[in-house]
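A quick write-up on the structure given underneath.
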Amino acid sequence: MLSKTILNAFDTQIKNELEAAYLYLSMSSYCNALNFPGFSKWLRTQAQEELGHGMKLFDYVHHRGSNATLQAIAEPKASFKDIVEVFDVVYEHEKKVTALIHKLYEAALKENDYASQIELQWFITEQVEEEQTASMIVEQLKMIGDNKAMLLMMDRQMGTRGVA
Ligand code: FEO
C-alpha cells in the first residue's frame with residue numbers, strides 16, 4: 001500500500017494529467033474554430049495522451065493496493081490571442097507538469113518508496129520529450145510569424161500526427 005502522503009500526491013498528479021487533457025481539448029476546440037484542423041487534431045491527440053498518463057497513474061495506485069480519490073478539475077482556458085499563445089501555454093504547462101512530477105519523485109525518495117520511484121521514472125523521461133516537442137513547435141511558429149501560407153503548411157503537417 002502507498003503511504004498517505006504518497007497516495008495524496010498521486011491523486012493530485014492524476015488530477016494534473018486530466019487537467020492537462022482538458023486544457024489541450026479546449027485548445028483543440030479553439031484551433032478548430034480558427035480553421036486549423038491540423039493543430040486541432042494534434043491537440044486532441046495530445047489530450048488523449050494526457051488522459052493515458054492519468055490512467056497509468058490511476059492503475060498504478062490500484063496495483064499498489066490503494067484507492068485513488070479523484071479531485072476536482074479546473075475549468076480550462078478557452079480563449080487565446082493567437083496560435084502562438086496556444087503553444088506558449090502548452091510549453092509553460094508542460095514545464096509546470098515536469099516540476100510537479102519531480103516533486104512527486106522527491107516525495108517517493110524521501111519515503112524510500114522504490115516502486116513509486118521506478119513508476120515515476122517513465123514520467124520523468126516522458127516530460128523531457130513533451131517539453132522538447134512543445135518548445136520546438138513554439139519556435140517554429142515564431143519563425144513563421146505572419147506568413148499565412150507557411151502557417152497553413154504547418155497546420156497540414158501537424159495534422160499528420162497519429163491518434164494516441
Ligand atoms: Fe502528461 Fe504532458 O504531461
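The first residue in the sequence is number 1, and the count goes up from there. Keep in mind that the numbers below use all heavy atoms, side chains included, and drop hydrogens, waters and symmetry copies. Both ligands and their constituent atoms are indexed starting at 1 by order of listing.
- Here R64 does not pair with D59 in a salt bridge; the nearest charged N to carboxylate O distance is not below 4.0 Å.
- The main-chain N or O of Y24 is never found under 3.5 Å from a side-chain atom of S28 such that the two would form a donor-acceptor pair.
- Residue H53 approaches atom 1 (Fe) of ligand 1 most closely through its N/O/S atom ND1.
- What you find for H93 and A20 is that their closest heavy atoms are NE2-CB, 3.6 Å.
- Angle OE1(E17) to atom 1 (Fe) of ligand 1 to OE1(E50): 80° [nearest 10 degrees].
- Atom 2 (Fe) of ligand 1 sits nearest to atom OE1 when only the N, O or S atoms of E130 are considered.
- Between F39 and F87, the ring planes are tilted. Angles from 30° to 60° get that label.
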